[in-house]
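Structure first, then comments.
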Amino acid sequence: MNKPDILKTLDRSQNGEYCTVKEWDVKRIPRRVSEKLKKYDLIKTSDPENPVNVDGELADRFFKAGYELALELGMLCETTDRIIKVSEEELETAINAAPSELTVGVGEDATVMKARKPSDPYPSKFGASLGITTSEDVWPALTEGIARQQPVDVLEGGSLKSIHGLDVIPSAPSETLVGFEQAKMHVKIREKAGRPGMGGIGQISAVTEYGQFGGYGLPGALNTTDLSLILFPSELKVNYQTLHKVVHTINVGGMIFAGSPAMIGGMPGPPEGAVLSCIACALLQYPILQADVGGGEIYDIRYLSNVNRDGIWALSVTHQALSRNTNLLTHGIANQVSGPGTKELLYETIVGVSTIAASGAAFGTGPRSAGGKLDDYLTPLECRFCAEVSHAASGLPLEKVNDIAKTILPKYETNIKDPNIGQIVHDVYDLETFQPKPEWQKVYDEVKQEAIGLGIPL
Amino acid sequence: MSEIDRLRDAIVEGDEDQAAIAANAALEAGIDPATLIKEAINEPMDKVGKAFQDGDIFLPELIIIGDAARVASDVIVPHISLEDLDASAGGKVVIGTIQGDMHDIGKNIVSAYLTAVGFKIKDLGTDVSPKEFVRAAIDEKADVVAISTLLSTTQPLFANIVKTLEDAGQRDNFFIVVGGGPVTPEWAADIGADGYGRDAGDAADLTKQLLSAGQKPPFDQPLVVGALKQ
Ligand code: B12
């Protein structure tokens with residue numbers, strides 16, 4: 001079998017130490033995190049005046065503390081109330097065995113992700129969009145519009161609300177169905193867009209493991225040159241849903257793309273605590289979930305975003321810590337809150353995406369237009385912009401990215417809690433000609449010029 | 001230090017044992033139970049909620065403080081005279097995240113707020129099927145069923161809970177309140193819920209208002225709290 005170490009995870013998820021979710025959430029996570037913050041002198045190291053960290057030594061201290069945290073905590077299987085712990089040897093073996101280069105897709109259209117260092121000129125690759133819910137009539141053209149954006153390296157696309165007119169309902173058989181039907185359309189759309197070998201990410205429309213069962217690794221569906229998306233609950237928790245997706249992906253010989261955001265304001269507390277939890281979580285995905293590409297996601301529950309100062313700082317330190325100290329393929333998301341047609345969406349992108357790319361992430365996905373909450377609030381244009389910024393900002397010095405963040409943040413930060421949701425796709429984008437409407441194009445051109453002026457070589 | 005201060009401190013420290021001791025001591029010292037609830041629980045809890053919003057305290061503290069407040073109110077509420085008793089006091093809420101959905105952060109915050117303001121909570125966790133919601137509501141003799149989701153595709157499952165309660169002849173026994181990322185007042189109206197709240201503070205206000213309205217469920221239109229704020 002592929003990746004036989006998964007057997008240890010499955011065994012420990014039944015026989016590991018007993019711990020309830022509540023004990024894990026409100027006792028173990030906060031206590032261990034605060035111990036490590038003290039031990040490594042990390043308390044209040046975040047600096048809102050300088051949202052992008054430029055201190056490599058600080059990032060390395062966070063890494064050491066996060067590494068210890070990973071070994072002391074492990075992950076909790078919330079279905080069984082059992083802790084899945086790993087030894088240092090297991091962690092090291094898994095980190096060393098994980099790929100530091102990965103080809104997604106096939107042939108000329110494929111993209112190669114590489115482990116990077118901060119300010120590494122090799123571009124941080126970009127997959128678009130996130131699974132924003134989309135009506136059935138809009139989905140094919142919108143997804144094709146995204147695939148047609150050359151800078152977008154990997155295709156994810158929105159989530160379908162219904163399939164052949166039938167509502168897609170979580171855990172219901174409609175999820176197994178949409179898994180397959182959406183994957184088939186995904187493959188066709190890449191061909192139609194002239195990029196048949198482009199890599200994909202799935203399953204996205206089905207929220208549970210049934211999507212993977214239906215649409216990943218089957219003939220005609222997403223295949224093993226595409227990434228299998230496996231998200232799991234924060235902080236440091238997995239469940240049967242996650243583990244089913246992992247086992248299925250291993251069964252078919254696919255690539256595991258895992259992730260779970262650490263929550264600022266949540267169980268690990270302040271931004272510094274979330275960074276530690278995030279590093280531990282990123283590392284543990286390799287031994288426990290056998291990840292190929294792993295997360296470094298951060299979310300601030302006070303802002304329902306991460307493009308605020310604390311969020312940006314936490315993203316920068318986390319990705320610097322991971323990229324300076326490992327050769328793993330790490331992934332980040334900038335959580336925009338503004339919607340299509342607005343300048344703010346593009347400003348949030350500049351700050352969030354450039355921070356992740358320049359801090360050393362191998363891969364980014366997005367955008368989360370309008371916070372990802374509204375049906376059909378997504379256009380191919382912001383997908384393009386995210387990918388352009390990701391590539392262009394990769395090699396920038398961190399000092400420069402910090403300066404850019406300091407200049408751009410004041411243009412949107414007061415609106416984060418009350419964002420401009422912008423416009424629905426039809427109002428700002430023509431899905432027949434695959435062109436933005438003039439007003440949206442104009443906003444894009446203006447902000448792009450501004451970004452170039454600030455030193456992002458777009 | 002006054003008995004009220006002692007209780008308030010125990011709650012803000014999140015110390016359940018001390019909260020119970022201090023609540024009993026305050027009652028023995030003859031302090032009016034309604035005053036105790038107001039000054040030692042409700043007022044500090046408002047401050048705690050604000051501190052959480054401002055990032056001065058974090059989710060674990062919020063949950064622990066909420067638990068201590070619940071212990072204290074369990075001691076105090078039976079001593080409140082009927083005319084002083086807020087009709088919502090001690091109401092029981094069954095809460096969970098709907099089937100297929102594992103997003104639990106928002107639900108946990110709502111649960112902590114409801115606990116803190118004195119409701120008895122049965123938290124069913126995540127991935128709760130309509131059938132489990134209905135079963136738990138009946139078995140627990142709940143007053144309120146609170147459903148959370150972050151996934152748009154779960155709307156038919158919300159409708160299913162309402163319909164199942166109707167079909168079981170049980171709809172008028174429970175207030176149904178809904179919230180979470182994609183949920184809107186229109187969503188609440190479409191599925192026939194009794195209330196919508198935008199955030200955790202709203203969830204607490206909403207639940208209190210529903211239980212003290214002197215009207216039985218179902219409502220023709222959902223009571224909406226916080227729709228206009230972002
Ligand atoms: C964190 C997160 C995750 C984590 C969850 C971790 C956890 N333990 O909860 C993980 C990584 C597991 C995850 C997985 C997925 N996610 Co997710 N996730 C998010 C994210 C980034 C933040 C959610 C969050 O925690 N917010 C913070 C809390 C505090 O806010 P809240 O939940 O809204 O709660 C507040 C209020 O809504 C209210 N409230 C909440 N519940 C209730 C209940 C009542 C009764 C009341 C009155 C009020 C109320 O009070 C709360 C406190 O103020 C959102 C993005 C976003 N913009 O929301 C996406 C998001 C919700 N996820 C999304 C998706 C698609 C998924 C996946 C399906 C992706 C996939 N294909 O694998 C999976 C689903 C897995 C599953 N089966 O559930 C989409 C949903 C799109 C949609 N509209 O349907 C979003 C919007 C992302 C996007 N597309 O941009 N996700």
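Each chain gets a letter, A, B and so on, in the order its sequence line appears, and its residues count up from 1. In this text, all values refer to a predicted model and were calculated from it rather than measured experimentally.
Of the two parts of B/L62, neither the backbone nor the side chain holds a non-hydrogen atom closer than 4.5 Å to a non-hydrogen atom of chain A. Proximity to chain B is limited to the side chain of A/D375, based on heavy atoms less than 4.5 angstrom apart. Both the backbone and the side chain of A/M267 come within contact range of chain B, judged by heavy atoms closer than 4.5 Å. Neither the backbone nor the side chain of B/N160 comes within contact range of chain A; no heavy atom of the residue lies under 4.5 Å from a heavy atom of that chain. Interface remark: A/K22 contributes side-chain atoms only to the contact with chain B (heavy atom separation under 4.5 Å). Proximity to chain A is absent for every atom of B/D123, based on heavy atoms less than 4.5 angstrom apart. Neither the backbone nor the side chain of A/L374 comes within less than 4.5 Å of any heavy atom of chain B. In this structure, chain B has a heavy atom under 4.5 Å from the backbone of A/L231, while its side chain stays farther away. Neither the backbone nor the side chain of A/E209 comes within less than 4.5 Å of any heavy atom in chain B. Heavy atoms closer than 4.5 Å to chain B are found in the side chain of A/N239, but not in its backbone. In this structure, chain A has no heavy atom under 4.5 Å from any part of B/T184. For chain B, no part of A/Y210 is nearby; none of its heavy atoms comes within less than 4.5 Å. Interface residue A/I301: only side-chain heavy atoms are found under 4.5 Å from chain B.
Between B/D56 and A/R302 no salt bridge is recorded (no basic side-chain N to carboxylate O distance below 4.0 Å).
When all heavy atoms of A/V168 and B/T153 are compared, the pair lying nearest together is O-CB, 3.2 Å. Nearest heavy-atom pair, A/S171 versus B/G100, reported as atom, atom and distance to 0.1 Å: OG-CA, 3.6 Å. Of all the heavy atoms in A/S234 and B/D104, the pair that sits closest is O-OD1, 4.5 Å.
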Open item on the list: Walk me through whether B/N108 and A/D25 qualify under side chain to side chain contact (heavy atoms under 4.5 Å, CB included).
Closed with: CA-CA 10 Å; B/N108 291 344; A/D25 280 349; 4.3 Å; yes
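Put simply, CG on B/L157 and CG on A/D167 are 9.5 Å apart, with the number rounded to the nearest 0.5 Å. Here the CG atom belonging to B/D127 is positioned 8.5 Å from the OG1 atom belonging to A/T208, to the nearest 0.5 angstrom. Separation of atoms CG (B/D101) and CD (A/Q241) is listed at 8.5 Å; rounding is to 0.5 Å.
Taking chain A as the reference chain and counting heavy-atom pairs below 4.5 Å, the highest number among B/S152, B/G106, B/G125, B/S129 is found for B/S152. Across A/D310, A/L304, A/V207, the residue that shares the most heavy-atom pairs under 4.5 angstrom with chain B is A/V207. With chain A as the partner, the residue from B/H103, B/Q155, B/M102 showing the most heavy-atom pairs under 4.5 Å is B/M102.
Heavy-atom neighbours of B/D167 CG from other residues, nucleotides or ligands within 6.0 Å: above the threshold of 12. Within a 6.0 Å sphere centred on NZ of B/K122, heavy atoms belonging to other residues, nucleotides or ligands number 12 at most. Annotation: A/Y303, atom OH; neighbour count of heavy atoms from other residues, nucleotides and ligands within 6.0 Å does not exceed 12. Counting non-hydrogen atoms of other residues, nucleotides and ligands closer than 6.0 Å to CD of B/Q170 gives a total above 12.
Across A/P268, A/S34, A/P30, a single residue satisfies side-chain contact (heavy atoms from CB on, under 4.5 Å) together with B/P60, and that is A/P30.
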